[in-house]
Amino acid sequence: MAAEMPESARLRQLMAQTAKLPLRQADVALKPALPVEMVSSVAVSTDGLIYILQRGLQSPPVIVAKPDGTVVRSWGKGLYTIPHAIRIDPQGNVWTVDAGDSTIRRFTPTGKETAKITVELPAKPNGPFCGATDIAFAPNGHIYVSDGYQNTRVIEFDGNLKRLREWGKPGTGNGELDHPHGIAIAKDGTVYVADRENGRIQRFSPEGRFIGLWDHLGKTFSLKLTAKGELWIGTQPRDVPNGAEGWLVKVDPQTGRALGRLDSFGHSIEVTPAGEVLTGRRPDMVVRYVP
C-alpha cells in the first residue's frame, strides 16, 4: 500500500478530533423509483422541494422531488454533456452547470429555460471534463462561475449576465488555482473557492483580490454558505480515489476552524434553513441528514 500523505494524516486526525454533528441520516428514495446515476448536485428551494442533478441516461438529468421522495417533475433530457452543479438563486431561479460543454442554464422552478451562458472551452481540451463547475450569487446581484476544469479561473457576470472580469491561472501560489471545483459568496461579498487539486480553500475580494487560504481542510469539492452565515464544505483526503472517503464539515467562515462533521463524501453540499444537510453519493443516492 502507498504511504499515507502527511497532509491526509493531518486531515484524518483533525476529523477524528472534530465532534460528529447530531444529525440523523435519512436517504431520499424516489417515488416512483426512477433510476439515477452519479447524483452530482442537490439544491433545495424555499418551499422545501429537492432539485436533483444526475448523470444517468435512463431518467431526465433534473428531477424535482418532495422531501419524502415523491417525484413532482423532471426535465433536461438531451441538454447536458456532464451535469455538474445545480443551484437556486435568491429569486427562486434554478441554475445548472455543465462541466462538459461549459454551459450554464437558468430555469424557472417548473423547468422553463430563461437564460443561457456559454463559457468558452479551452483551445485544446484534454478530456471530457473541460468546462465550468459551479455558480454562486453575490448580494449585489452579480453571478460568479468557477470555470474549474482546464481553464482554472473564476468569472464574474453582472445581473444582466454581462461578463465583467475573470481571475485565476494554473499554479500553486496565492490566487493560483488547480481545478476550482466549488464556489460560494458571503454576505460581505467575500468569494470562497474550493481549490480542489491544490487541497485548499482560497478567499478573494469581490474583485478577485487574494485575501487568504486554508490548506488544512483537505481536497475540498464543495462549499455552501447559508443565510445565517454558516460555512459548510465537502472534503476528502488527497490520497484516496474521489468519493472513497470523506466528510461534510461545518467550518468557521472567519478562521477555517472545523466545528463539526458528518461522515459522508460531498461532491456537492446543500444546507436548508432548518439545518438539514444534503448531498449526492455515488453511485445513485441522495443523502439527507436531518435534526
Side-chain angles (χ1 to χ4, degrees), residues 34-43 51-64 73-89 93-137 142-170 177-184 193-197 221-223 242-243 267-268 270 280 282-284:
L34 298 180
V36 299
E37 299 175 23
M38 179 47 188
V39 176
S40 62
S41 190
V42 181
Y51 287 73
I52 300 163
L53 189 66
Q54 64 91 31
R55 297 181 188 170
L57 300 179
Q58 297 184 64
S59 300
V62 180
I63 300 171
V64 185
R73 54 185 168 268
S74 60
W75 73 79
K77 275 201 170 184
L79 287 183
Y80 299 93
T81 304
I82 303 176
H84 199 269
I86 189 165
R87 299 279 194 174
I88 299 175
D89 69 19
N93 299 300
V94 180
W95 295 76
T96 63
V97 181
D98 192 319
D101 66 10
S102 214
T103 297
I104 299 104
R105 300 176 186 271
R106 186 182 69 195
F107 299 93
T108 66
T110 56
K112 179 182 178 182
E113 186 173 327
T114 58
K116 181 171 70 172
I117 302 171
T118 301
V119 176
E120 67 276 10
L121 294 170
K124 295 181 179 180
N126 60 17
F129 287 83
C130 56
T133 53
D134 199 6
I135 187 170
F137 313 103
H142 289 192
I143 296 165
Y144 290 73
V145 172
S146 53
D147 189 12
Y149 288 108
Q150 301 182 39
N151 278 330
T152 59
R153 61 187 173 183
V154 174
I155 307 174
E156 179 187 358
F157 299 85
D158 69 13
N160 296 315
L161 308 187
K162 178 183 177 182
R163 188 165 174 162
L164 299 178
R165 62 174 64 87
E166 64 180 68
W167 74 82
K169 63 179 181 179
L177 301 163
D178 190 352
H179 285 64
H181 195 267
I183 190 167
V193 178
D195 188 9
R196 192 185 84 177
E197 295 303 311
F221 280 71
S222 53
L223 300 165
N242 290 347
H267 183 271
S268 68
E270 173 68 299
R282 289 184 174 96
D284 58 359

- Task: State whether a side-chain donor-acceptor pair under 3.5 Å links R106 with T114.
- Result: yes
- Query: Does E37 come within less than 4.0 Å of R55, counting only side-chain N to carboxylate O?
  - Reply: no
- Carboxylate-amine/guanidinium proximity below 4.0 Å for R87 and D134: yes
- Item | Check: G182 main-chain N/O paired with R196 side-chain donor or acceptor under 3.5 Å | no
- Task: On the 0 to 90° scale, with breaks at 30° and 60°, tag the H179-Y149 ring pair as parallel, tilted or perpendicular.
- Result: perpendicular
- Query: Are I143 and F137 close enough that some pair of their side-chain heavy atoms sits under 4.5 Å apart?
  - Reply: yes
- Message: What I want to check is whether the side chains of S222 and S268 have a donor and an acceptor closer together than 3.5 Å.
- Response: no
- Message: To the nearest 0.5 Å, what is the distance between CD1 on I52 and CG on L34?
- Response: 9.0 Å
- Note on the structure: When every non-hydrogen atom of P109 is compared with those of V94, the smallest separation belongs to CA-CG2, 4.1 Å
- Item | All ring-ring contact (aromatic ring centres under 6.0 Å, His included) counterparts of F107, not counting sequence neighbours | W75
- So, S146 side chain and V193 main chain: donor-acceptor pair closer than 3.5 Å or not? no
- Message: Main chain of G100, side chain of D98: is a donor-acceptor contact present, judged purely on distance under 3.5 Å?
- Response: yes
- Message: For the CG atom of N151 and the NZ atom of K169, what is their distance to the nearest 0.5 Å?
- Response: 15.0 Å
- Message: My understanding is that only residues two or more places apart in sequence, or in another chain, count here; which of them pass side-chain hydrogen bond (donor to acceptor under 3.5 Å, both in side chains) with N126?
- Response: Q150
- Given side chains that start at C-beta, do those of V62 and S74 come closer than 4.5 Å, heavy atoms only? no
- Side chains of V39 and L53: closer than 4.5 Å at any heavy-atom pair? no
- Task: Give a yes or no on whether the backbone of K162 and the side-chain of N160 come within a donor-acceptor separation of less than 3.5 Å.
- Result: no
- Identify the two heavy atoms, one from V145 and one from A132, that lie closest to each other, and give their separation to 0.1 Å. CG1-CB, 3.8 Å
- Query: Are more than 12 heavy atoms from other residues, nucleotides or ligands located less than 6.0 Å from atom CD of E120?
  - Reply: yes
- Take Y51 and S41 through the test side-chain hydrogen bond (donor to acceptor under 3.5 Å, both in side chains) and record every step on the way to the result. CA-CA 8 Å; Y51 287 73; S41 190; over 6 Å; no
- Look at the side chain of Q54 and the backbone N and O of S59, then say whether any donor-acceptor pair between them is shorter than 3.5 Å. yes
- Specify whether F221 and H267 have parallel, tilted or perpendicular ring planes, treating 30° as the upper limit for parallel and 60° as the lower limit for perpendicular. tilted
- Could you grab the distance from atom CD of E156 to atom OH of Y144, nearest 0.5 Å is fine? 3.5 Å
- Item | Donor-acceptor contact present, side-chain D89 to main-chain N93, <3.5 Å | yes
- Item | Side chain D195, main chain D178, donor-acceptor under 3.5 Å | yes
